[in-house]
Trainee: 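Below is a structure I'd like to ask you about.
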Amino acid sequence: GFLWVMQSLYAGYEARLAQAVKSGNIQQAKESTPIVPPPSDLNGFEKVSFKAKEIVRQQLEIGEHVLDAIPASQMSALQGVGSYRLYYVGLLQDKLALVSTDFMGKPAGVERLDFSSIQNLTVKHGLLQDNLIISINSKKPITLKATRRLRTHTDNFVSTFTKQKSLQA
């Protein structure tokens, strides 16, 4: 019953992820280590941000530094059941790093988008969740969902991206 359904969802999810890595669209994630616990004086939203930064940081190459990170998700009804994916979107000095997770929430793949390939990064506020829209040159935009409870952080993330991108121009 239920276990069989979960196993087939997991298999479909992992197959899509493996195909993306094989096609070269994303890099295989590095083995991650346990996340350092956040400082106890942070509030709940700051702890979420801390965790997102740590997850992205573990996937970076030498010389890359994470300035900020937010959790976001993507779900497609067109791809059927099990097409939900959690991302940690990292803002680096000159690119965005999209760290996708596997079905169990562990980092599974990393896609890097250079600022030069990004036309715009915007957020559209919604009643329950916000849409983070990454407009990419000559490609379909990537739309990710960010929780409304982190709206201020998401808005700051977009603002910081805009400032960083202008420094690269």
Side-chain angles (χ1 to χ4, degrees), residues 10 13-14 16-17 20-21 25-76 82-115 117-118 120-136 141-168:
Y10 182 74
Y13 188 91
E14 293 300 308
R16 278 192 293 281
L17 187 61
V21 169
N25 291 340
I26 63 174
Q27 284 181 301
Q28 182 74 38
K30 296 177 182 178
E31 190 65 36
S32 56
T33 57
I35 302 230
V36 178
S40 59
D41 61 337
L42 298 181
N43 68 37
F45 300 123
E46 292 168 330
K47 287 179 182 176
V48 168
S49 173
F50 180 89
K51 178 182 177 188
K53 280 185 188 174
E54 283 298 301
I55 288 171
V56 171
R57 185 187 58 74
Q58 289 186 9
Q59 299 303 318
L60 298 182
E61 301 296 335
I62 293 172
E64 292 181 325
H65 303 283
V66 63
L67 304 174
D68 199 2
I70 57 172
S73 62
Q74 191 176 54
M75 186 159 152
S76 173
S83 62
Y84 173 84
R85 179 161 290 155
L86 175 64
Y87 288 90
Y88 292 96
V89 184
L91 174 61
L92 313 184
Q93 310 92 299
D94 59 352
K95 62 183 70 86
L96 289 179
L98 277 61
V99 178
S100 56
T101 62
D102 66 13
F103 199 68
M104 304 307 285
K106 289 175 38 183
V110 182
E111 181 178 3
R112 288 173 170 77
L113 302 171
D114 289 324
F115 284 175
S117 70
I118 301 172
N120 204 2
L121 177 67
T122 56
V123 62
K124 287 191 178 175
H125 297 153
L127 186 61
L128 300 176
Q129 56 192 5
D130 298 331
N131 286 334
L132 184 68
I133 303 162
I134 306 168
S135 301
I136 304 168
I142 298 171
T143 301
L144 302 171
K145 307 285 186 193
T147 178
R148 182 180 177 275
R149 294 181 302 145
L150 295 175
R151 179 171 285 170
T152 301
H153 187 163
T154 304
D155 288 343
N156 289 340
F157 182 91
V158 170
S159 175
T160 304
F161 164 84
T162 303
K163 289 175 191 164
Q164 276 301 116
K165 184 170 164 89
S166 71
L167 293 175
Q168 301 294 318

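The structure displayed is predicted, hence computed values, not measured ones.
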Trainee: Decide yes or no for Leu98 and Ile134: does some side-chain heavy atom of the first lie under 4.5 Å from some side-chain heavy atom of the second?
Mentor: yes

Trainee: Taking all atoms of both residues into account, what is the closest heavy-atom pair of Lys95 and Asp114, and its distance?
Mentor: CE-OD1, 3.3 Å

Trainee: Excluding sequence neighbours, so at least two apart, what forms ring-ring contact (aromatic ring centres under 6.0 Å, His included) with Phe50?
Mentor: none

Trainee: Do Thr147 and Ser73 have side chains that approach each other closer than 4.5 Å (heavy atoms only, starting at C-beta)?
Mentor: no

Trainee: A quick test of your reading: do over 12 heavy atoms of other residues, nucleotides or ligands sit less than 6.0 Å from NZ of Lys47?
Mentor: yes

Trainee: Would Glu54 and Lys51 pass as an ion pair if we require N to O under 4.0 Å?
Mentor: no

Trainee: Let me confirm one number: the OG1-CZ distance from Thr154 to Arg149, rounded to the nearest 0.5 Å.
Mentor: 11.5 Å

Trainee: Of Asn156, Leu42, Asp68, which is the lone residue that meets side-chain contact (heavy atoms from CB on, under 4.5 Å) with Ser49?
Mentor: Asp68

Trainee: Below 4.5 Å, heavy atoms only, C-beta onward: do Leu150 and Ile70 meet side chain to side chain?
Mentor: no

Trainee: Supply the atom-to-atom distance Leu86 CG to Asp102 CG, rounded to the nearest 0.5 angstrom.
Mentor: 10.0 Å

Trainee: Rounded to the nearest 0.5 Å, what separation is found between the NZ atom of Lys53 and the CG atom of Leu91?
Mentor: 10.0 Å

Trainee: So Val89 and Phe157, do their side chains get closer than 4.5 Å, heavy atoms only?
Mentor: yes

Trainee: Could you give the distance from CD (Glu61) to CG (Leu92), rounded to the nearest 0.5 Å?
Mentor: 10.5 Å

Trainee: Between Gln93 and Phe115, which heavy-atom pair has the shortest distance, and what is it?
Mentor: O-CE1, 3.3 Å

Trainee: With rounding to the nearest 0.5 angstrom, report the CD to CD1 distance, Gln168 to Ile118.
Mentor: 11.0 Å

Trainee: May I ask you to test the Leu167-Gln164 pair for a side-chain heavy-atom distance under 4.5 Å?
Mentor: yes

Trainee: Could you check if a side-chain atom of Asn131 sits within less than 4.5 angstrom of a side-chain atom of Lys145, using non-hydrogen atoms only?
Mentor: yes

Trainee: Using 0.5 Å steps for rounding, measure from the CD atom of Glu111 to the CD1 atom of Ile142.
Mentor: 5.0 Å

Trainee: So among Arg148, Lys124, Arg151, His125, which one has a side-chain hydrogen bond (donor to acceptor under 3.5 Å, both in side chains) with Asp130?
Mentor: Arg151

Trainee: Is any side-chain heavy atom of Tyr88 closer than 4.5 Å to a side-chain heavy atom of Thr101?
Mentor: yes

Trainee: Looking only at atom types and distance, does a side-chain atom of Glu46 sit under 3.5 Å from a main-chain N or O of Asn43, one as donor and one as acceptor?
Mentor: yes

Trainee: Starting from the C-alpha separation in whole Å, work towards a yes-or-no answer on side-chain contact (heavy atoms from CB on, under 4.5 Å) for Thr162 and Leu121.
Mentor: CA-CA 8 Å; Thr162 303; Leu121 177 67; 5.9 Å; no

